[in-house]
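Below you'll find the structure, written out as structure tokens, and then a few comments.
Side-chain atoms are counted along with the backbone in the values below, which use heavy atoms only and exclude waters and symmetry mates.
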Amino acid sequence: MTTLQLPSFLHGSMSTIRRKAKEEGRRYGKQYQLNGPYPPPHELRTVAPDDVVFTHEIVDFQRERPAWRLHEYWETLSGLSDTLGKSYRHINASHEPVVRETAWGALFFAICGPAPDSAERTAPRIKAVLHSWDSLQHGRYLHKKLNTFLDLEELMTAACGWAMDAWCPEGGDSVRSRLEVASERMARATRENCVEAILR
């Protein structure tokens, strides 16, 4: 049976997660300096069906209450950047593709991660979520509206609706199918296509 798993360091109080996430980023950086590839998280935990995954800090008010906080992976990126002595922008090309191979990493970079600066960079993020769709469907998410618990389709509409509107304005049978069309069009987009999408 497919389940949703997240790194165990992303569960707990905000202060605990921030400390552990930064330590994890430092571990990634040291491992990368030693022999190149980034290591996987020490431990993954299955998200229980009634658990909520916070994907945005704006609605995360009860900071000392234990919860899943996907948005706090930013602290891992901070620890990684500090250890390697480079801005995250400089290490992103090697780090993001590795993390996007996981369901939780795909979701982080699609909806919580650094703002994409091109259709070319957005397309693989959305495609990674589509690849992990079955696992991610097992989550219950809280994004930018208080007490509004979202399933995966609702979350992707809230976070990436702009991509569907710009790159698949004709609509589709489902959010998933619209994202598939949008990501394919973004991956092949010319500069002129991008200008047209922005104007839409």
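For the residue pair Ser15 / Glu64, a side-chain donor-acceptor distance below 3.5 Å is found, with atom types taken as modelled. In this structure, a donor-acceptor pair under 3.5 Å is absent between the side chains of Ser78 and Ser81.
Thr102 places a side-chain N or O within 3.5 Å of a backbone atom of Gly105 that can act as its donor or acceptor partner. Side-chain N or O atoms of Thr76 include one that pairs as donor or acceptor with a backbone N or O of Ala21 at under 3.5 Å.
The minimum heavy-atom distance linking Arg140 with Pro49 is given by the pair NE-O, 4.3 Å. Across all their heavy atoms, Ala119 and Ala189 have their closest contact at CB-CB, 4.5 Å. The two residues Tyr38 and Ser94 make their nearest non-hydrogen contact at OH-OG, 3.0 Å. Of all heavy-atom pairs between Thr83 and Gly25, the closest is OG1-O, 4.4 Å. Smallest separation of non-hydrogen atoms from Gln62 and Arg69: O-NH2, 2.9 Å. In terms of heavy atoms, Ala110 sits closest to Cys160 at O-SG, 3.8 Å.
Below 30°, between 30° and 60°, or above 60°: for Tyr73 and Tyr28 the angle between ring planes is between 30° and 60°, a tilted geometry.
Taking a cutoff of 4.0 Å between a charged side-chain nitrogen and a carboxylate oxygen, Glu23 and Arg19 qualify as a salt bridge. Electrostatic pairing of Arg18 and Glu72 counts as a salt bridge here, judged by a charged N lying under 4.0 Å from a carboxylate O. A salt bridge between Glu170 and Arg178 is absent, with no side-chain N of the basic residue lying under 4.0 Å from a carboxylate O of the acidic one. Using a 4.0 Å cut-off between charged side-chain N and carboxylate O, Arg63 and Glu57 make a salt bridge.
Geometric assessment of Arg100 against the ring of Phe109 yields a negative cation-pi assignment under the 6.0 Å and 45° thresholds.
Annotation: Asn35, atom CG; neighbour count of heavy atoms from other residues, nucleotides and ligands within 6.0 Å is above 12. When the shell of 6.0 Å around NZ of Lys127 is examined, it contains more than 12 heavy atoms from other residues, nucleotides or ligands. For NE2 of His56, the number of neighbouring non-hydrogen atoms (other residues, nucleotides, ligands) closer than 6.0 Å is greater than 12.
Looking at heavy atoms from C-beta onward, Arg185 lies out of side-chain contact with Asn193 at the 4.5 angstrom threshold. With a 4.5 Å cut-off on side-chain heavy atoms, Val129 and Leu136 count as touching. Residues Thr46 and His138 fail the side-chain proximity criterion, which asks for heavy atoms closer than 4.5 Å. Looking only at side-chain heavy atoms (C-beta outward), Ser135 and Thr3 stay at 4.5 Å or farther from each other. Within the 4.5 Å cutoff, the side chain of Phe61 has heavy atoms near those of the Leu146 side chain. By the 4.5 Å heavy-atom criterion applied to side chains, Arg45 and Leu6 are not counted as neighbours. Two residues are said to be in side-chain contact when any heavy atoms from C-beta on lie closer than 4.5 Å; Phe108 and Leu77 meet this criterion. Counting only heavy atoms from C-beta outward, the side chains of Met156 and Leu179 approach each other to under 4.5 Å.
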Asp151/Tyr141 under side chain to side chain contact (heavy atoms under 4.5 Å, CB included): CA gap, chis, key distance, verdict: CA-CA 6 Å; Asp151 63 22; Tyr141 305 98; over 6 Å; no

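For the atom pair CD (Glu184) and SG (Cys168), the distance works out to 11.5 Å, reported to the nearest 0.5 Å. Separation of atoms CZ (Arg176) and CD (Glu153) is listed at 9.0 Å; rounding is to 0.5 Å. Distance check, rounded to the nearest 0.5 Å: CH2 of Trp167 to CD1 of Ile126 gives 10.5 Å. Distance check: Ile111 CD1 to Thr55 OG1 gives 4.0 Å after rounding to the nearest 0.5 Å. Between Leu150 atom CG and His143 atom NE2 the span is 8.0 Å, to the nearest 0.5 Å. To the nearest 0.5 Å, the span separating CZ on Arg26 from CD on Glu75 amounts to 9.5 Å.
Linking ILVMFWY side-chain heavy atoms closer than 4.5 Å, directly or via other members, places Met14 and Leu142 in two distinct hydrophobic clusters. Under the 4.5 Å side-chain heavy-atom criterion for grouping Ile, Leu, Val, Met, Phe, Trp and Tyr, Val99 is connected to Leu44 within one hydrophobic cluster. Following chains of ILVMFWY side-chain contacts shorter than 4.5 Å, one cannot reach Val52 starting from Leu4, and the two form parts of different hydrophobic clusters. Under the 4.5 Å side-chain heavy-atom criterion for grouping Ile, Leu, Val, Met, Phe, Trp and Tyr, Trp133 is connected to Val47 within one hydrophobic cluster. With hydrophobic clusters built from ILVMFWY side chains whose heavy atoms lie under 4.5 angstrom apart, Phe149 does not share a cluster with Leu152.
Proximity of the aromatic rings of His71 and Phe54 is defined here by a centroid distance below 6.0 angstrom, and this criterion is not met.
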